[in-house]
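Since the structure is predicted, the reported quantities are computational estimates derived from the model, not experimental observations.
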Amino acid sequence: MNPEELPRIPSREFMGGSVQSVAADGTRACVRFLPPEGMTNPHGTVQGGFVAAMIDDVVSMATWFAGGERTFVTSSLNCYYLRPVPTDVPLLVSSQLVRVGQRQAVFEASVSAEGSESILVKGIQVQQFL
């Protein structure tokens, strides 16, 4: 799948995101985010709600393809914040399909700093098809 053929998503642009890859069957996706300064908490790291929004963005893009372009909603999103998320480096948010069925799709996601193998945040997200 050519990322340049995907529609413009204003929330992704707001979070400094650009699609790096997405499998045509939705099994994998990756978006590079460069969070703007306004996404920080008082500690100077990316606020957790924005990190969750990044995960939701990547998983939602993958769900569209994994579900055969059916309409869906996020049923649940659990984020496990393992380390602070820095603002001064690009972030890679990746998703992997765990299971897709008639009614729902389940994904795992991870957030890491570009160039690092260390996972900062893990996510499990369930999407409900309408």
Side-chain angles (χ1 to χ4, degrees):
M1 167 73 39
N2 182 354
E4 293 178 11
E5 295 175 1
L6 297 170
R8 179 181 163 267
I9 306 294
S11 59
R12 182 180 301 139
E13 290 176 0
F14 169 74
M15 295 185 288
S18 62
V19 176
Q20 301 300 290
S21 63
V22 59
D25 62 359
T27 54
R28 294 185 181 273
C30 182
V31 175
R32 181 180 186 264
F33 290 95
L34 190 53
E37 195 171 304
M39 291 184 159
T40 59
N41 59 29
H43 305 288
T45 59
V46 180
Q47 195 270 339
F50 288 116
V51 176
M54 291 175 196
I55 291 172
D56 186 56
D57 175 71
V58 176
V59 170
S60 293
M61 176 178 60
T63 301
W64 178 252
F65 295 104
E69 301 184 10
R70 290 184 285 166
T71 304
F72 62 89
V73 295
T74 299
S75 178
S76 68
L77 170 56
N78 293 304
C79 294
Y80 303 92
Y81 299 90
L82 307 173
R83 293 176 179 79
V85 179
T87 59
D88 58 347
V89 296
L91 304 173
L92 294 178
V93 182
S94 301
S95 71
Q96 181 173 348
L97 179 67
V98 174
R99 180 187 179 284
V100 64
Q102 288 291 28
R103 296 178 186 224
Q104 66 182 14
V106 179
F107 288 85
E108 291 181 348
S110 63
V111 179
S112 60
E114 188 173 57
S116 172
E117 297 292 320
S118 181
I119 295 174
L120 305 171
V121 180
K122 285 290 281 183
I124 304 292
Q125 188 162 339
V126 178
Q127 304 286 58
Q128 192 75 34
F129 295 112
L130 301 178

**Item:** Residue pair Phe107 / Ala105: nearest heavy atoms and the distance that separates them
**Value:** CE1-CB, 3.7 Å

**Prompt:** Which pairs, with at least one residue in residues 110-119 and sequence neighbours excluded, count as a side chain to side chain donor-acceptor pair (under 3.5 Å)?
**Reply:** Arg32-Glu114, Arg83-Ser118

**Asked** What closest approach, in Å, do Pro86 and Leu120 show between heavy atoms, and which atom pair accounts for it?
**Response** CD-CD1, 3.7 Å

**Item:** Contact summary for Tyr81 and Ala52, nearest pair of heavy atoms
**Value:** OH-CB, 4.0 Å

**Request:** Please name all residues satisfying side-chain hydrogen bond (donor to acceptor under 3.5 Å, both in side chains) with Asn78, sequence neighbours left out, ordered by chain then number.
**Result:** none

**Message:** Run the side-chain contact (heavy atoms from CB on, under 4.5 Å) test on Asp56 and Gln125 for me, step by step, so that the C-alpha distance in whole Å, both residues' side-chain angles and the decisive distance to 0.1 Å come before the verdict.
**Reply:** CA-CA 8 Å; Asp56 186 56; Gln125 188 162 339; 2.6 Å; yes

**Complete:** On a heavy-atom basis, the closest approach of Ile55 and Ala109 is CG2-CB, 3.7 Å

**Request:** List in chain and number order the residues that pass side-chain hydrogen bond (donor to acceptor under 3.5 Å, both in side chains) with Ser75, two or more places apart in sequence or in another chain; answer none if no residue qualifies.
**Result:** none

**Message:** To the nearest 0.5 Å, what is the distance between CE on Met39 and CZ on Phe14?
**Reply:** 4.5 Å

**Message:** Donor-acceptor check, side chain of Gln20 to backbone of Ser18, threshold 3.5 angstrom: yes or no?
**Reply:** yes

**Request:** Please list, chain by chain and in numerical order, all residues satisfying side-chain contact (heavy atoms from CB on, under 4.5 Å) with Arg28, sequence neighbours excluded.
**Result:** Gln96

**Prompt:** Under the side-chain contact (heavy atoms from CB on, under 4.5 Å) criterion, do Ile119 and Tyr80 qualify, and how do the steps go?
**Reply:** CA-CA 10 Å; Ile119 295 174; Tyr80 303 92; over 6 Å; no

**Request:** Might you point out which heavy atoms bring Arg12 and Pro7 nearest each other, and give the distance in Å?
**Result:** NH1-O, 4.4 Å

**Prompt:** OG1 of Thr71 to CD of Gln127: how many Å apart, nearest 0.5 Å?
**Reply:** 12.0 Å

**Message:** Hydrophobic clustering (ILVMFWY, side-chain heavy atoms < 4.5 Å, transitive) - are Met54 and Leu92 grouped together?
**Reply:** no

**Request:** Kindly write out the residues that satisfy side-chain hydrogen bond (donor to acceptor under 3.5 Å, both in side chains) with Arg99, not counting sequence neighbours, or none if the list is empty.
**Result:** none

**Message:** For Glu13, give me all partners under side-chain hydrogen bond (donor to acceptor under 3.5 Å, both in side chains), at least two apart in sequence or on another chain.
**Reply:** Arg8

**Request:** Give a yes or no on whether Arg70 atom CZ has more than 12 heavy-atom contacts from other residues, nucleotides or ligands under 6.0 Å away.
**Result:** yes

**Prompt:** Thr63 and Phe129: side-chain contact (heavy atoms from CB on, under 4.5 Å), yes or no, with the steps?
**Reply:** CA-CA 9 Å; Thr63 301; Phe129 295 112; 3.9 Å; yes

**Prompt:** Do the side chain of Ser60 and the main chain of Asp57 share a donor and acceptor less than 3.5 angstrom apart?
**Reply:** no

**Request:** Using the side-chain contact (heavy atoms from CB on, under 4.5 Å) rule, take Val58 and Phe33 through it: C-alpha gap first, then chi angles, then the decisive distance, then the call.
**Result:** CA-CA 11 Å; Val58 176; Phe33 290 95; 4.0 Å; yes

**Request:** May I ask you to decide if the ring planes of Trp64 and Phe72 are parallel, tilted or perpendicular, using 30° and 60° as cut-offs?
**Result:** tilted

